[in-house]
Every structure is written in structure tokens, then in C-alpha cells.
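What follows is a single structure, written as C-alpha cells, with notes after it.
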Amino acid sequence: MQTEKEDEDDVDVSSEEYVARSDFTASGTDQLSFSKGDRLLVHAKPSPEWWWAELQGVIGYVPASYLRQDDAGGEEEEDVSLEDPWQDEEYFGSYGTLRLHLEMLSDKSRTETYRQVILSNSGSLSNKVVMDLGCGTGIISLFCAQLASPSVVYAVEASSMAEYTRQLVKQNGCEEVVTVLQGRAEEIELPEQVDILVSEWMGNCLLFEFMVESVLLARDRWLRDGGTMWPSSAALTLVPCQADSDYAEKMAFWERPYGLDFTPLQPLAQQEFFTKPKFSHLIEPRDCLAAPCDVICLDMYTLQVRDLEEMKGQFHFCVEKSAVFHGFTAWFTVYFDSLEAGGATVDLNTGPNSEPTHWKQTLFMLDRPVTVYTGDSISGTIVLHRNPVWRRHMTVTLHWNINGSTDDPDNSQGGTKSFPMWR
Ligand SMILES: N=C(N)NC/C=C/[C@H]1O[C@@H](n2cnc3c(N)ncnc32)[C@H](O)[C@@H]1O
């Protein structure tokens, strides 16, 4: 609930009026929702990002980046610094070039998995209506047209790549089946409901970029009752790990470079290299100190956008090898249910025991590595907290306890650390 203002005396004389640049929907009970153009009275600025403001007698926290001061003319000055909380210009701009598409198409494990899904369901795909959300160069849509006989595939792509995708569809003789629609999936109009919504939406740590929100909105609007989601479900997996080479390279390095003592730089190294997660980390199976654990599982038929604000998971690891516990590594697996009842489920596992993918894995480095021993247990929680302002970002908070099997005073401890990804 938002806080009702008591009485006029509470108004801080230094309150300033600001105008809302865009809508904002509160994602916490102490936040204040507002609409574009609303005039808010800012009473306090406890942090650069979040201010304490009032709207029509109701008070709550508001994201400062959504507000602008009302200049004399009341016209919005051309504010180039206004960043769209979705950063869509930059995001879709990056997908308008080939670099990322080349990376994704070069990822054989990823691309062959989608091909396998189409191939193993080719019979059931006959005469079906398919939506390929975020089709990029259209590879999945082309697989559908080439390997099966759907009645139509709506290939939706928001970036400028769409015009090339149309050429690729024509070039490969698929224009009878594949229709390319340029636009955001949340905004385009389809002529009909779809039987299958297929998308390759997974970001680092499964959710980064939060393209999944677009998939859920499209599901709710365009997937017919009883339709199929591909992927059908997803799991985020975690494992405690050693990361000797990363630690040696970034931290131990400062102990004796060229015979000198550079250890006063280690707090800087900690801050600079270990504050954020490390994307594209390649963990070896031998780096895993315990059996991995699925900490978050998503059912793509029931998952709601509001669930994405905060996702929590628990873990309990039994240490299987004595080693230095440097941190946790995360990866994901997505599952594609067969269109036929009882048919085989296809999965894409991006973990260390599968073919490497362009996502690789994500390393969360602890501030203080600690030696753990076979028989110890590491238990705790992981929380993925979506950034209330930068909607493609999140913070991953890990909380762990080590229950030492030995009486080594150093290793019955725990900790907690939050990793911004990225803001
Ligand atoms: N797997 C990851 N990380 N990204 C892969 C895929 C991203 C592709 O999907 C497109 N895309 C993302 N969101 C939307 C949307 N809401 N509407 C239409 N197209 C979209 C991007 O422009 C890329 O071409």
C-alpha cells in the first residue's frame, strides 16, 4: 500500500515539482505508480535513483530517471539523456547488425536443437499456424517451412534485420509459408491466433534482456487455448565451484608481480572484477564441487510477467571434493514438449556436461574464497530481482551457509552477495 500523506505540515518546503516522462508501474509496496505527464511533488531525494514523491495525496518511491523538471514553457526540452527503461534503441540497434546473429547462428548446439525440435515434430506441424517471436534472420521459420508443412509461420522481428529476413525467406523459396512482420511482438497485429509460439528468448543467466516478457505478452494475446509454447519450460541451474584460474589471474596476480608487493590493489581488483557476474565463463566439470541443483523452474504456460519481478530459489549442496570454494556458476536448460502426446521432449542444456553454447555459463565470484571439504554442505538461497527502472536488467543475490564437516573454524561460515546485471 502506498503511504497516505498526513497533513499539509508534512510537505517539505524544498519540495519541487517534476513531470513524469512516461508511465511507471510500482513493483514494490513502497513505490508510487504514475502516468506520463503526471505532476509529482518530490519531497526528498534519498538516492540518485529513487526519490520520495507525492501524487494526489499519495506518497511513495519513484524512479528519478522517469521524471523531468517542468521548464517555463511546460514544453519538454529536448532531453537527449532520457534513456528508455527498455533501452530499445540500443537493443534493437544491436540486432540490426550481423554480429549477434552470426554468433547465434554459429552456435551449433543452439541452432541444431531448434532444428531437431522442428524435425521431430514435422508431422504434427502440418497445417499449423506458427509464430516465431524475435525471428532474427528467420532461421527457425525457415526450418519450419523446409522440414514441415505448417499453413503459415508469422516471423516477427522488431529490428531492421526484418527487411533482410524477407529477402532470405524469398531466396529460399519459403515466401508461400513464411510471412515476416517487422515490429515489436507486443505491438504487431496478427490475422489469427497461433497454434505454436516458438522463440529463442533466453539471455545470459536465462533471463537477462528479459525478452521473456515479450514472449509472455504474446502468449496471452496470440496463443490459442491448448496451443504449444516452445520452449515449454526452463530451469536455472547452480553449482558451487572452484575458479582457480580466474582467481589467480585477477586477484593473486597482485601478490608478487615482478617481485613486488602490489596487494594494496587487491580491494580495487575485488571491486572491478568480482562485483558483477562474469558472462561467458567456461566451467569444467572438475570445477564443480557438488552435484548441480535446479534453483528456479519456469513453466512457460503459467508464468506471469509479474512473477519476473522477483524469483527465488533454494539450494543445498553436498560437497563432493575438497577444494577452494571461489563462487557459484549458473547456466540454464530449456525443454521443448512434443506436439504428440507422449512424444519425446527435446532439451537444450547449456551446462558444463553439454556441448558448449554461445551463452557458456555465468560465474558469481565470492569476496572471500574458502576451503571446503568433502562432506561439507553449502545451503542457501538465490534471488533474481528485476531492476525496477532498467527493465532488461536484474540483480542476483546469493545467500549461503557452509556447514563444515570438520572443526576447521574457517569453514563453518557463510555470506551473502548481490551481483548487479548490470545496473
Ligand atoms: N536469445 C537472446 N538473448 N536474444 C535472442 C533473440 C533476439 C532477437 O529477437 C528480436 N526481439 C527481441 N525482442 C523482441 C520483441 N519484443 N519483438 C520482436 N522482436 C524481438 C531481436 O531483435 C533479435 O533479433
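In this chain, residues are counted from 1 in sequence order. This is a predicted model, so every value here is computed, not measured. Ligands are counted one by one from 1 in listed order, and the atoms in each one are counted from 1 as well.
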Requested in this report: Begin with the C-alpha distance, continue with both residues' side-chain angles, and end with the deciding distance and a verdict on ring-ring contact (aromatic ring centres under 6.0 Å, His included) for F24 and Y66.
Outcome: CA-CA 8 Å; F24 172 70; Y66 278 53; 5.3 Å; yes
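- Between the side chains of N387 and H393, no donor-acceptor pair of N or O atoms lies under 3.5 Å.
- For D337, there are no salt bridge (Lys or Arg N to Asp or Glu O under 4.0 Å) partners two or more places apart in sequence or in a different chain.
- Residues forming a salt bridge (Lys or Arg N to Asp or Glu O under 4.0 Å) with R219 (at least two apart in sequence, or on another chain): none.
- With sequence neighbours excluded, the residues that form a salt bridge (Lys or Arg N to Asp or Glu O under 4.0 Å) with E186 are R184.
- Contact record, E284 with P352: C-CB, 4.5 Å, taken as the closest heavy-atom pair.
- Contacts of ligand 1 (protein heavy-atom distance under 4.0 Å) are Y91, F92, Y95, H101, M104, G134, G136, E157, A158, S159, G183, R184, A185, E186, E200, W201, M202, G203, E209, M211, S214.
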